[in-house]
Structure formats: structure tokens, C-alpha cells
Amino acid sequence: MLAAGDLARLGAVLDRPRVPLEVPPAWHWACLGEPTRQADLGPDGHPRRGLFMPPIAATRRMFASGEITFSGPLRAGQETELVETIASVEEKAGASGPLTFVTVDRALSQSGAVRLSERQTIVFTDAPPAPRTPDESEPPTAEWSRETATDPVLLFAFSAATSNTHRIHYDRAYATAVEGYPDLVVHGPLIALLLLEAMPARPVRRFSFRALKPTYVGETVLARGRWIDGGAALWAEVGGAVVMTARAEF
């Protein structure tokens, strides 16, 4: 069920004054989390590899990209079926070492009809995080913009609202000593939601996003966008660098 309480917790994180009956785009991330026993958690806090995810040995896991198609409205309080499948596992050579891309397909149905189809791409690697440098090219002119300052409380609240147990978002010692990040990592899905929340309200038919660079706690996320034919081009900037690009189609 898309429980109103779950949606309310995410709404509080996003500073929404109330939770609408019709679920806003991508808010389903706060619902239908599968409880995982402590014995089934891996060293990174996620369910251990070999349960749902393939038994990949690489240490670091990152949310690379996502695409969501909205076929009909999802409504709070209704029985909802979630079907998740591994669509593909692909090995690629990266600049700093091998990468494993896992594509996960998700479908949410209500009243016997699929209302939302989602494709998530997760990347696994042992390569250390690349240093982030400002972009040399100028980003496009924005028609709207919203700033969000990040801190440990925001990251913890979002982890709790979305049942995300990945330790890089709340365990600084693990994030720095084990995975090699300079600090706690801001969730990719949180940045994607900030892009959607900053956009003037429109009925979204499809939303896609791609993470480009990591964002760290204490940094301010600048969610920007502009209208394009049939939709909106969205992007997030941090410290002069574009860290995520996205597109909403209406």
C-alpha cells in the first residue's frame, strides 16, 4: 500500500505543507520498502549481494540513472503491487577500473493496472571516487532555480523516509575510511526529487535523470530548469559543477 504516513514523512523532508491524495512524481520511493533482517544486511548497509542483487564483489555502489513512465495516477491509501526484476547485468571498462551496471525494472500497479514503470541503473565499482572539478562550459540559462542546503539531518531524514540503509549517507567513518569519499554522500534520488520539486507544477508523463558527480554533506544543491519543447530540461549544480541532468516530459 502507498501509505499516507510514508508519504507524509517524505513530504516533511521536502517541506511540503500537506500530502496530496494523488502521489507526486517519484514520491513512490518512500513506499513499499521491503523489511530486511539484520542478518541479511551487507557491509554497506544494503541487503547483501546474492539475495536480489547479483553477488557482485565490488565495494562501492552508486545510483547512476533512472527513468520513470507515469501511465496513470497513483493514489495514497490504495493497495499497490510492486514487481521488481533484474533486467540486465553488464560489465564495462571504466577510466579507473572495471564497472558493473545492473539494470532493475520496477512496475507499480493499482486496481489491476500498471500506473508506473521504472528503470533504475545501479553501478558497482572498486575505483576510488574521482575528484570533482568545476565545469568549463556554461550551463544553459535557467528559468527557475531553488537552493537546498544539505546537512546530516537532511540525509538521515531522507534515508529514513525512503528506507535507504546505505551507510555512505549517515556513517561518516564508513563513507570515508571504507568507500573513500571525502564526507557523507547526498542521495542521488534526493537530488532528483529536488529537481522535480523546484519545477513549476505540470502533469509529468516521463521523468529521466542521470547522476554525473557526487555531492557531499554541507554543500548546497542548486536545482534549476527551463522549458523545452514538450517538457523541461532540469539540472542540479553544486559549487560550479553540474552534478545531475534530468528531463521531464509532459
Side-chain angles (χ1 to χ4, degrees), residues 6-20 23-31 33 62-68 118 120 129 131-135 138-172 175-176 181-202 204 207-228 231-248:
D6 293 338
L7 296 166
R9 276 186 286 275
L10 180 57
V13 174
L14 298 174
D15 271 336
R16 282 281 196 115
R18 62 183 182 85
V19 177
V23 178
W27 279 38
H28 67 285
W29 287 334
C31 305
M62 298 169 289
F63 204 124
S65 65
E67 181 175 333
I68 309 171
E118 179 177 15
Q120 298 180 350
R132 193 179 66 214
T133 56
D135 296 320
E138 285 291 325
T141 301
E143 296 182 43
W144 62 85
S145 181
R146 181 188 295 180
E147 289 188 354
T148 301
T150 66
D151 60 23
V153 176
L154 174 65
L155 270 60
F156 179 83
F158 188 76
S159 288
T162 57
S163 301
N164 187 334
T165 52
H166 198 179
R167 292 169 65 182
I168 63 172
H169 305 304
Y170 58 86
D171 185 340
R172 180 176 280 108
T176 57
Y181 292 106
D183 211 323
L184 296 175
V185 181
V186 179
H187 314 66
L190 172 57
I191 297 174
L193 275 166
L194 293 177
L195 292 176
L196 284 167
E197 292 292 300
M199 184 179 68
R202 292 287 192 281
V204 179
F207 174 66
S208 59
F209 65 95
R210 180 169 175 250
L212 304 178
K213 304 171 183 178
T215 299
Y216 301 109
V217 68
E219 296 183 313
T220 296
V221 177
L222 189 59
R224 294 186 145 180
R226 64 185 180 90
W227 302 120
I228 58 175
L234 312 172
W235 65 96
E237 298 178 30
V238 174
V242 175
V243 298
M244 178 174 288
T245 57
R247 179 185 177 98

K.L.:
Please enumerate all residues that pass salt bridge (charged side-chain N to carboxylate O under 4.0 Å, His left out) together with Asp151, with sequence neighbours excluded.
P.N.:
none
K.L.:
Does any part of the side chain of Leu193, heavy atoms only, come nearer than 4.5 Å to the side chain of His187, both counted from C-beta?
P.N.:
no
K.L.:
For Val243 versus Pro214, what's the shortest heavy-atom pair and its separation?
P.N.:
CG1-O, 4.4 Å
K.L.:
Please report the closest heavy-atom contact between Phe158 and Pro189, naming both atoms and the distance.
P.N.:
CZ-C, 4.0 Å
K.L.:
I would like to know whether Leu154 and Leu190 meet side chain to side chain contact (heavy atoms under 4.5 Å, CB included); could you show each step before the answer?
P.N.:
CA-CA 10 Å; Leu154 174 65; Leu190 172 57; 4.1 Å; yes
K.L.:
Identify the two heavy atoms, one from Pro20 and one from Arg18, that lie closest to each other, and give their separation to 0.1 Å.
P.N.:
CD-O, 3.5 Å
K.L.:
Could you tell me whether a side-chain N or O of Thr150 sits under 3.5 Å from a main-chain N or O of Thr220, the two making a donor and an acceptor?
P.N.:
no
K.L.:
So which pairs with a foot in residues 219-228 pass salt bridge (Lys or Arg N to Asp or Glu O under 4.0 Å), sequence neighbours left out?
P.N.:
Arg132-Glu219, Arg224-Glu237
K.L.:
Is there a donor-acceptor contact under 3.5 Å from the side chain of Tyr170 to the main chain of Thr165?
P.N.:
yes
K.L.:
Could you tell me if His166 and Ser159 have a donor-acceptor pair between their side chains, going purely by distance under 3.5 Å?
P.N.:
no
K.L.:
Apply side chain to side chain contact (heavy atoms under 4.5 Å, CB included) to Met244 and Val221, showing your working.
P.N.:
CA-CA 10 Å; Met244 178 174 288; Val221 177; over 6 Å; no
K.L.:
Just how far is it from atom CG of Leu184 to atom CG of Leu155, taken to the nearest 0.5 Å?
P.N.:
6.5 Å
K.L.:
Which atoms form the tightest heavy-atom contact between Pro140 and Trp235, and what is the distance?
P.N.:
O-CZ2, 3.1 Å
